[in-house]
*Asks:* 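Take a look at this one; I'll ask things after.
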Protein chains: 2
Amino acid sequence: MVTLSEENYLKAIYHLGNQGDNTVSTNAIAEQIDAKASSVTDMIKKLAEKELANYIKYQGVSLTETGRLTARSVIRKHRLWETFLVNKLNFSWHEVHDIAEQLEHIKSEKLIDKLDDFLENPTHDPHGDPIPDKHGNYTKIKSKSILDISTGSQGVLISVKDSSKAFLKYLNKNELALGDMIRVVDFEPFDESFTIETKSKTMTISKNVAENLYLSV
Amino acid sequence: MVTLSEENYLKAIYHLGNQGDNTVSTNAIAEQIDAKASSVTDMIKKLAEKELANYIKYQGVSLTETGRLTARSVIRKHRLWETFLVNKLNFSWHEVHDIAEQLEHIKSEKLIDKLDDFLENPTHDPHGDPIPDKHGNYTKIKSKSILDISTGSQGVLISVKDSSKAFLKYLNKNELALGDMIRVVDFEPFDESFTIETKSKTMTISKNVAENLYLSV
DNA sequence: ATAAATTTTTAGTCTTCCCTAAAAATATTT
DNA sequence: AAATATTTTTAGGGAAGACTAAAAATTTAT
Ligand SMILES: [Mn+2]
Ligand SMILES: [Mn+2]
Ligand SMILES: [Mn+2]
Ligand SMILES: [Mn+2]
């Protein structure tokens, strides 16, 4: 039995270390979870005790195979609920994260499998992030940040790296959405800005925006 | 801010006292919540402190207007989620209560309003219980237990008083469902059993079953 | 009207998850 | 290689919500 709080820690370690593979620092988790480092140390010990995490004092923490699978199952739930909220209840993509943070902790295997079917087994959530299947497997679409794409080439907007409300609302305001075909037409070295072209318009975006937009390659 | 545990106590008091109007005993709540009486006393004090309950030592507890509305909002969520699970995810009516017990605590006014619309503003849940609207108002369909209906008369099965898994599975096995037209054709005084007739069959039911089936009048 | 039984409350703990402050270990400068 | 700065852990608590055991109040039986 994994508690709500434990699930949140597992998710944090998973996201901070590359799928929980890399070692993650106490402070990094504290920042992510919005707790103090001492609280994190307590919880890490508990996770290690339960064999969900590998932990050596002062040396950071990573996930065991069980921990990794548990984290993925929480992420699966989070992303399926986000998809439900957007596709079925007509929420906008910037509104769903906080609600999914609550829904991801509902315990019922059958519920989540039925939800998956109801949504027709989506492979990606409203922010373009992959949804693990019930065994924890998923495939990430190959994509590159606009920062790493050569001027003149184009691709479909596949996902956003930053899923914060502020960034998503910026994209809404500028009518940029997942699925849009985007061509990178110019790069301005002075302020590292890019000019991009979509079906409907041409616009300039800052480096900060460019690095958060991922196009199919 | 009302905690998950507080919500459960408010619901218990609401259900045990007539909409929280009547005074409810500590032991009754303890049984409903599956906790010890001493734990109940602690919580009742907290609810009174927050002006959600009226409480006089040794004299039982009832709900304030705020407490009543809060309870109704939790019940609204519970019944909407049950409706979602049955109507959209194809759960059977005996499987949904435990999951709804979790979902009823998700906090988002917007979520529940959108869910309500998505379900096309249902007035009753899968067990025939009325769903309060966002202001806490609802209308109960006039109905009577088979126990109180005269032999020879008939009505539509509107709701079940006992929503336990065991009873609902009994009804599934015997192919009795909400919406069925039922005629009471005989009463046997010896064992207080009833013979009822539906579109598809005639069967005998015990007093225990009869008192839990409510027909429209 | 007492005595006995039952219900309810109080007193004292426990667990979970969080905190602050201080100590210990590790990393970075000089 | 020290000295300094930073990170991490330990020690000691707090709030919420549950528990047991004992005391107090109320109800029921005699
Ligand atoms: Mn999210
Ligand atoms: Mn997402
Ligand atoms: Mn229910
Ligand atoms: Mn119900």
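Chain letters run A, B, ... following the sequence lines, proteins first and then strands; every chain starts at 1. FYI, side chains are in, hydrogens and waters are out, and symmetry mates aren't considered; it's all heavy atoms of this structure.
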*Asks:* As a quick check of understanding, evaluate salt bridge (charged side-chain N to carboxylate O under 4.0 Å, His left out) for B:R76 and B:E104, giving each step before the final call.
*Replies:* CA-CA 8 Å; B:R76 166 175 164 76; B:E104 72 188 6; over 6 Å; no

*Asks:* If you draw a 6.0 Å radius around NZ in A:K50, do more than 12 non-hydrogen atoms from other residues or ligands fall strictly inside?
*Replies:*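 It does: A:K50 NZ has more than 12 such atoms within range.
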
*Asks:* Looking at B:K107, I want to see if its NZ is surrounded by more than 12 non-hydrogen atoms of other residues, nucleotides or ligands under 6.0 Å.
*Replies:*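 Above 12, so yes.
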
*Asks:* With a 6.0 Å cut-off on ring centres, are B:H97 and B:H127 close enough?
*Replies:*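 No, the ring centres sit 6.0 Å or more apart.
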
*Asks:* To the nearest Å, give me how far apart CG (A:L4) and C1' (C:dT16) are.
*Replies:* 12 Å

*Asks:* Just call it for B:A35: base, sugar-phosphate, or nothing, with non-hydrogen atoms closer than 4.0 Å on any strand.
*Replies:* sugar-phosphate

*Asks:* Between B:N208 and B:S206, is there a side-chain donor-acceptor contact under 3.5 Å, judged purely by atom types and distance?
*Replies:*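 No, no side-chain donor-acceptor contact under 3.5 Å.
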
*Asks:* Could you state the NZ-C1' distance from A:K57 to D:dT8, rounded to the nearest angstrom?
*Replies:*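 The distance from NZ of A:K57 to C1' of D:dT8 comes to 10 Å, rounded to the nearest Å.
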
*Asks:* Atom CD of A:Q59 to atom P of C:dA25: distance rounded to whole Å?
*Replies:* 13 Å

*Asks:* Does C:dC18 have OP1 or OP2 sitting under 4.0 Å from an N or O in the side chain of A:Y9?
*Replies:*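 True: A:Y9 side-chain N/O within range (under 4.0 Å) of C:dC18 OP1/OP2.
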
*Asks:* Using a heavy-atom distance cut-off of less than 4.0 Å, which residues of residues 15-27 of chain A contact DNA chain C?
*Replies:* none

*Asks:* Between atom OH in B:Y58 and atom C1' in C:dT9, what is the gap in whole Å?
*Replies:* 4 Å

*Asks:* Within less than 4.0 Å of OP1 or OP2 of C:dC19, is there a side-chain N or O belonging to A:S39?
*Replies:* yes

*Asks:* Report yes or no: is there a donor-acceptor pair, N or O only, under 3.5 Å between the side chain of A:S5 and the base of C:dT16?
*Replies:*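 Counting by modelled atom types and ignoring angles, no donor-acceptor contact under 3.5 Å is found here.
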
*Asks:* How many Å lie between NZ on A:K36 and C1' on D:dA11, as a whole number?
*Replies:*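 My rounded result for the distance is 17 Å.
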
*Asks:* Assert yes or no for the condition that the ring centre distance of A:F91 to A:F84 is strictly below 6.0 Å.
*Replies:* no

*Asks:* What's the CG-C1' distance between A:D42 and C:dC19, to the nearest Å?
*Replies:*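 Going from A:D42 (CG) to C:dC19 (C1'), I get 10 Å.
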
*Asks:* Whole Å only: how far is the CD1 atom of B:I56 from the P atom of D:dA24?
*Replies:*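 Rounded to whole Å, this separation is 22 Å.
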
*Asks:* Is it true that B:D113 and B:K134 make a salt bridge, defined as a side-chain N closer than 4.0 Å to a carboxylate O?
*Replies:*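 Yes, B:D113 and B:K134 are salt-bridged.
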
*Asks:* Measure the distance from CG on B:L47 to P on D:dA16 and round it to the nearest whole Å.
*Replies:*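 Taking CG of B:L47 and P of D:dA16, I get 13 Å after rounding.
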
